[in-house]
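Working notes for the structure below.
Please read all numbers here as calculations on a predicted model, not as lab measurements. Quick note: numbers below take in every heavy atom, side chains included, and nothing from hydrogens, waters or symmetry partners. Naming convention: chains lettered A, B, ... in sequence-line order (proteins, then strands); numbering from 1 in each chain.
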Amino acid sequence: MKSHLLPEFRVERDYSRCDNCKVCIKQCPFDVHYYDEESGKILSRDELCSGCQRCVVYCHKNALRIIPYKAYRPNEYWKEEHIRDIKKQAETGGIILTSCGSSREAKVYWDHILLNASQVTNPSIDPLREPMELRTFLGRKPDCLELEFNGDDVEIKTELYPNLMIETPILFAGMSYGAISYNAFKSLAMAAKKFGTLFNTGEGGMPKDMREEFKDCAIVQCASGRFGVDPEYFNYSAAIEIKIGQGAKPGIGGHLPGEKVTATISSTRMIPEGTDAISPAPHHDIYSIEDLSMLIYALKEVTNYEKPVCVKIAAVHNVAAIASGMVRAGADIIAIDGFRGGTGATPKIMREHVGIPVELALAAVDQRLREEGIRNKCSIIVGGGIRCAADVVKAIALGADAVYIGTAALIALGCTMCQRCHTGKCAWGICTQDPKLSQRLNPKVGAERAYNLLRAWSLEIKDVLGGMGINAIESLRGNRDHLRGVGLEDWELRVLGIKGAGE
Amino acid sequence: MLRDPFMEGVRKLEEIAKKVRFEDNTAKIDAKGLTHKELNDLIRMCAEKGAEKIILKNVCGQRYIGTRLFLPKKVEIEIFGIPGNDLGMFLDGHRIVVHGNAQDGVGNTMNEGEIVVEGRAGDVVAMSMRGGRIFIRDDVGYRTAIHMKEYKDKVPVLVVGGTSQDFLGEYMAGGVVLLLGLNRNRHLANYIGTGMHGGVIYIRGKVEKYQLGKEVGIVDMEEKDYKRVESLVKDYLTYFKPKFDLDEIMGERFTKLVPVSKRPYGRIYAY
């Protein structure tokens with residue numbers, strides 16, 4: 001069948017600059033560029049281009065431009081995307097698969113929330129001269145503290161729950177070895193360890209060679225597929241996360257296609273090489289809050305009650321009631337993933353249309369748990385499209401204890417959001433299991449970039465806190481007085497629990 | 001006010017230590033009146049103190065027996081009474097024998113070891129099981145052996161003397177399930193092996209095509225299949241001493257079910 005699909009990008013080559021060095025040919029995993037013997041020139045197959053910009057960055061002559069290409073007559077209703085998708089489905093009869101987070105137009109609440117600063121009535125603080133506390137503890141907190149005083153000595157009598165200590169309220173989100181390359185996985189682990197925060201293994205298990213070294217900075221996931229899950233995996237961790245849902249694809253499971261299940265992935269996941277790694281949509285031992293409780297305590301049992309247990313869900317319509325149930329089931333940390341959350345592969349329909357913005361979900365959950373008097377029983381981590389330090393600050397003021405960053409961390413490693421993760425041909429060596437491609441990412445360099453991102457955002461957070469006259473992140477948590485909305489309807493302000501600007 | 005039914009009223013180890021009696025390398029625990037956590041606290045204590053065998057009396061619904069034993073030394077646990085859900089969940093090389101019935105989740109995500117139940121078991125037996133062996137004398141409930149998986153020579157085995165309810169071997173990715181159908185003239189399960197993409201299910205006695213999921217196919221039993229089944233049946237006979245003998249059991253017809261594809265859902269996407 002003749003394909004009616006048009007290219008999404010145009011490759012423009014300035015032949016006055018091109019010296020035929022063929023780096024672009026070597027760098028492109030999609031075979032866009034090729035050398036034409038007849039003309040002695042490098043030509044392009046535009047229709048294969050993903051727009052990843054790898055060739056542009058590596059062209060030493062600056063001869064290449066990759067430009068998004070919209071072909072059809074502009075139409076605000078029948079958008080280019082709809083027309084393309086219909087044509088693709090007419091040719092294949094399949095579900096449109098995509099990756100990364102939702103890119104659709106929808107209100108971004110972060111951008112409608114503004115932060116406060118101190119003027120006259122209370123002094124701002126200079127973070128360069130005064131200590132600023134970003135250290136965060138995640139886990140269940142007691143209802144009250146019983147203290148015993150013996151002269152100058154004070155002892156806490158209350159038995160405390162296990163908590164995680166992180167140096168900045170930013171953690172790397174769950175991204176499995178399998179979804180991302182070993183080098184990308186290791187880059188994040190190294191950066192987390194160096195900075196004093198945590199990374200998350202996702203549902204693909206933890207490579208044996210990394211267990212000892214990274215056991216104190218790993219959140220290990222227990223998802224519906226139970227891949228690579230054994231008692232050692234749970235015990236070589238800082239915390240365990242039960243993954244119920246994911247913002248990019250709430251309500252469905254995942255398939256790691258057989259071609260990505262290489263020898264090392266098969267040994268990490270403990271499944272044969274070349275078989276699909278299928279994560280069922282639900283956990284088949286969790287059909288209710290009571291069942292969730294059973295798994296939470298099973299995980300506490302297997303780790304001798306030494307580690308907090310986190311439960312991760314996608315932000316969906318009744319998220320506040322669900323979160324309340326999770327806390328009552330025994331979760332020490334709840335993670336909420338908004339609909340902007342990324343993924344290595346998802347049906348497009350799930351990514352674009354299922355779930356709710358994490359800002360609203362977070363505000364609703366924090367409010368509900370406070371009303372029920374159980375907010376101290378859990379910490380809240382939010383993720384799903386945290387793009388910058390300002391988003392982090394706003395999330396914390398809305399009630400989060402910390403944030404997960406996934407997409408932002410990968411962008412730090414080299415990702416350009418070309419949304420081709422599901423092809424397994426990531427030109428930047430991140431979302432691929434092809435050794436030729438994954439070796440492009442040096443874990444040392446990757447770790448440095450991810451570490452720098454954490455450092456930069458942490459500095460920015462300190463700056464903003466200082467401006468507000470706050471010297472500890474703890475004082476910002478759930479402090480919605482420091483937020484004002486612009487361009488929001490009454491109901492939106494009500495759900496967010498913030499006033500409008502000027503109020 | 002948040003109530004935590006699991007942790008509420010859990011007593012300190014010193015307060016319940018009198019429930020344990022040590023004789024040489026055997027520890028006996030009277031589980032009467034112990035909460036889930038208390039019993040497991042005591043089991044762990046006994047294992048850490050060097051018990052090789054732990055006998056539990058008066059067990060009544062306590063969960064996760066054997067779960068909190070991520071320890072280098074392996075023990076044998078003998079249970080009198082009815083253990084609660086998730087018996088031997090994440091079990092790591094220990095052996096558990098139940099003189100009675102078991103509830104849901106026996107051997108859930110079990111890693112290594114052996115569980116023998118002299119009776120019946122509930123739903124989700126051997127879910128996501130990754131290694132070791134489970135022998136159930138009688139029937140099992142729904143969703144048995146869901147997503148069981150194997151890796152190289154680490155192949156989990158489930159032997160059921162009776163039959164199973166629906167969704168046996170759903171999403172199964174590896175391992176061996178043997179259903180003997182003793183005391184039954186037909187098997188009850190529907191949707192057997194739906195979404196199956198690895199492993200093998202042997203069913204003794206009659207099973208109709210409509211009872212199978214569309215991702216499984218029936219293939220002929222080969223010599224090595226009969227050998228494997230016979231060796232498991234021999235163990236079953238040793239463990240449970242039923243009124244059947246080896247010839248009687250092996251004389252019946254066996255159906256071998258295997259997945260049609262290692263990639264059942266590979267062709268539904270457009271890239």
* To do: Measure Lys154(B) against the heavy atoms of chain A and call it side chain, backbone, both or neither at under 4.5 Å.
  => side chain
* Structure fact -> d(Met7(B) CE, Tyr161(A) OH) to nearest 0.5 Å is 7.5 Å
* Asked: Is it true that Phe227(A) and His147(B) have ring centroids separated by less than 6.0 Å?
  -> yes
* Please check if any side-chain donor atom of Tyr297(A) sits under 3.5 Å from a side-chain acceptor atom of Asp4(B), or the reverse. => yes
* Can Asp230(A) and Asn111(B) be counted as having a side-chain donor-acceptor contact under 3.5 angstrom? -> no
* Asked: Can you list the residues that meet the ring-ring contact (aromatic ring centres under 6.0 Å, His included) rule with Tyr233(A), with sequence neighbours excluded?
  -> none
* **Ring-face cation of Lys300(A) near Phe6(B) (centre distance under 6.0 Å, axis angle within 45°)** => no
* Structure fact -> Residues at least two apart in sequence or cross-chain that pass side chain to side chain contact (heavy atoms under 4.5 Å, CB included) with Arg228(B), listed by chain then number, are Val176(B), Val200(B), Tyr202(B)
* Taking the six-membered ring for Trp and the single ring otherwise, decide whether the centroids of His284(A) and Tyr171(B) are under 6.0 Å apart. => yes
* Go through the steps to decide whether Arg269(A) and Tyr151(B) satisfy the test side-chain contact (heavy atoms from CB on, under 4.5 Å), and finish with yes or no. => CA-CA 9 Å; Arg269(A) 298 198 172 208; Tyr151(B) 177 67; over 6 Å; no
* Interface moiety of Glu91(A) toward chain B, non-hydrogen atoms closer than 4.5 Å -> neither
* Answer yes or no: are there more than 12 heavy-atom neighbours, outside Ile349(A) itself, under 6.0 Å from its atom CD1? => no
* Under 4.5 Å, heavy atom to heavy atom: which of residues 61-70 of chain B reach chain A? Give them by number, or say none. => Arg63(B), Tyr64(B), Thr67(B), Arg68(B), Phe70(B)
* Enter the distance from Asn85(B):CG to Glu290(A):CD here, rounded to the nearest 0.5 Å. => 12.0 Å
* Structure fact -> Cut-off 4.5 Å, heavy atoms of chain B, and the answer for Thr98(A) is neither
* For His94(B), enumerate each residue passing the ring-ring contact (aromatic ring centres under 6.0 Å, His included) test, keeping only those at least two apart in sequence or located in another chain. => none
* Per-residue contact mode, Ser266(A) against chain B (heavy atom under 4.5 angstrom) -> both
* Can you tell which part of Glu170(B) gets under 4.5 Å to a heavy atom of chain A, answering side chain, backbone, both or neither? => side chain
* Spacing of Met127(B) atom CE and Asp285(A) atom CG [to the nearest 0.5 Å] -> 3.5 Å
* Give, as side chain, backbone, both or neither, the part of Phe90(B) having an atom under 4.5 angstrom from any heavy atom of chain A. => both
